[in-house]
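So you know, we letter chains A, B, ... as the sequences are listed, proteins then strands, and number each from 1.
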There are 2 protein chains.
Amino acid sequence: MDMQRKDIHSSEIPVVCRACEARHGGVCGALSPEQLVELSKHSTRKRLVAGTEVVGQGEDMGAFANIMRGVVKLTRMMPDGRQQIVGLQFAPDFLGRPFAEESPHSAETATDAEICTFPRQMLERLVGRTPDLEHKLYQQSLKELDEARDWMLTLGRKNAQEKVASFLFLIATHYDPETVDGSVFDLPLSRADIADFLGLTIETVSRQFTRLRKDGVIQIENNRHVIVPDIERLQHSAGID
Amino acid sequence: MDMQRKDIHSSEIPVVCRACEARHGGVCGALSPEQLVELSKHSTRKRLVAGTEVVGQGEDMGAFANIMRGVVKLTRMMPDGRQQIVGLQFAPDFLGRPFAEESPHSAETATDAEICTFPRQMLERLVGRTPDLEHKLYQQSLKELDEARDWMLTLGRKNAQEKVASFLFLIATHYDPETVDGSVFDLPLSRADIADFLGLTIETVSRQFTRLRKDGVIQIENNRHVIVPDIERLQHSAGID
DNA sequence: TCCGCGAATTGATTTCGATCAAATCGGCGC
DNA sequence: GCGCCGATTTGATCGAAATCAATTCGCGGA
């Protein structure tokens, strides 16, 4: 694994952050109109191509962001290059680690994405004055903690097939939480990213995709487009129930 | 792995919770004297032997607690009995998952322990009225999230030796955060628990202990008492730097 | 002090996923 | 449509950890 660190190809388009409130959850929902106007003055909308690093591990966090569109992966890396994705964040999640000087992991776009950034100090000041905002952020961190711990079971105790099925199940339910029967979606991650999320190699991920395909649990078109005819069968392959 | 679920051997000794405030962090630090008195009326001090289940996975959470003494392990289990420890909590941590009906994992004492419990509704009411309290809980959840994600790297990408060394390093730094040179401590977990924390088998954990001992990285007395002459060597065995 | 029993260690063998290596796919520019 | 190149799949082999199987250790009770 190499340490490629692509430049940030972004065009900065300042936007009134009120737009976030209208169309996304994010942090904005908890703010008063006055606070939104204030936040808007310092916020910047950015369009990022897949593979852009938003913050590096251990770097100073200058900014926080709302994810408006796309998927961001949070990764931790060992000194020798081994890498683990420790979280996936989807719109309209909040991106950032309040009350820490340094980011505990790097954040990189997995797909093309749009984010709305604002200075760290700005948010931390708002948090101090706005219990509703802190409550909202607390709720998200509890949700992320539940997800992280769920994933620890997957990483520590599931075999390759169960890991890959668990990943597909995660994505399927995320994009289509209602679906009890079939589900259709595009994978937001490359095989390499999936491997880094599951603690496997690319080859093993590929073999398990092939296996699930041959077993009729999934169909795949063009490497990214997945059809799950029966969610419960996938769930069963994932070792859940 | 079997699903043993020991009875709760506890003697309930109602205590004024103000005691927590004096001697522990916990949640009490953020409360006003009046709130403490209120909380005290509904709080109960419990003494628990090692292996006591505090809450079961998926169970209704009737209560929250401060850990006064000892170590509590949070575990998630698969239907077939495979088990993963998803978090270790030490005094004076807060124990519980606010704003959820069901516990996302079971909590069990790893050592003899003392906890101070209070009704869930009581805490959630206090949280709504006390921004300082919510801030404190938010901080703890952020810390736990960082720890969980650190551990995901360990589970997903480290080999057996690095995992065991990482665990020893975690315990060593927890019990003695200052120590740059040597460290001496008693393991709060059995080999079986360590295996469940690291996603390994008991046998593999044992072999790695033996290896680290033969390599002179650690010394062990009576299976539980560990001496680390050189923390940096241990850290190196853990794959950190 | 000796016994009993669960916890931990050690040994032999198997297995699953990693590694090394090659072929094939698929999107994109020309 | 063709060729290129990175992404993905497939194949062969290796190796680390799991599994199966005995011992050995160590603590508590007789």
So does [X] pair up with [Y], basic N to acidic O under 4.0 Å?
X        : Y        : value
B:Lys143 : B:Asp93  : yes
B:Arg157 : A:Asp196 : yes
B:Lys73  : B:Glu53  : no

Check the distance between [N]'s [atom2] and [X]'s [atom1] and give it to me in whole angstrom.
X        : N      : atom1 : atom2 : answer
B:His225 : D:dC27 : NE2   : P     : 13 Å
A:Asn222 : C:dC28 : CG    : C1'   : 14 Å
A:Glu221 : C:dG27 : CD    : P     : 11 Å
B:Lys163 : D:dA16 : NZ    : P     : 15 Å
B:Ile220 : C:dA7  : CD1   : P     : 18 Å
B:Ile202 : D:dA18 : CD1   : P     : 11 Å
A:Arg213 : C:dC25 : CZ    : C1'   : 12 Å

Next item on the list: Starting at CZ of A:Arg76, measure out to CG of B:Asp146 and round the result to the nearest 0.5 Å.
Entry: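 Taking CZ in A:Arg76 and CG in B:Asp146, the distance rounds to 9.0 Å.
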Note to self: Please encode protein proximity along nucleotides 15-22 of chain C as a string of B, S and -, counting only heavy-atom distances under 4.0 Å.
What the structure shows: --SSBB--
Next item on the list: Determine the interplanar angle of the B:Phe118 and B:Phe94 rings, folded into 0 to 90°, and report it as parallel if under 30°, tilted if 30 to 60°, perpendicular if over 60°.
Entry: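 Judged by the thresholds at 30° and 60°, the geometry between B:Phe118 and B:Phe94 is parallel.
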Next item on the list: May I ask you to decide if A:Phe197's main-chain N or O and A:Trp151's side chain share a donor-acceptor pair within less than 3.5 Å?
Entry: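 It does hold such a pair.
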Next item on the list: Give the nucleotide from the list C:dT10, D:dT8, D:dG26 with an atom nearest to the side chain of A:Arg191.
Entry: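 Closest nucleotide among those given: D:dT8.
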Notebook entry, point to check: Among D:dT10, C:dT9, D:dT8, which is the nearest nucleotide to the side chain of A:Arg224?
Noted result: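 When the side chain of A:Arg224 is considered, D:dT8 is the closest of D:dT10, C:dT9, D:dT8.
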Item checked: Side-chain N,O (B:Ser206) to OP1/OP2 (C:dT10) below 4.0 Å ->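 No, no such contact exists.
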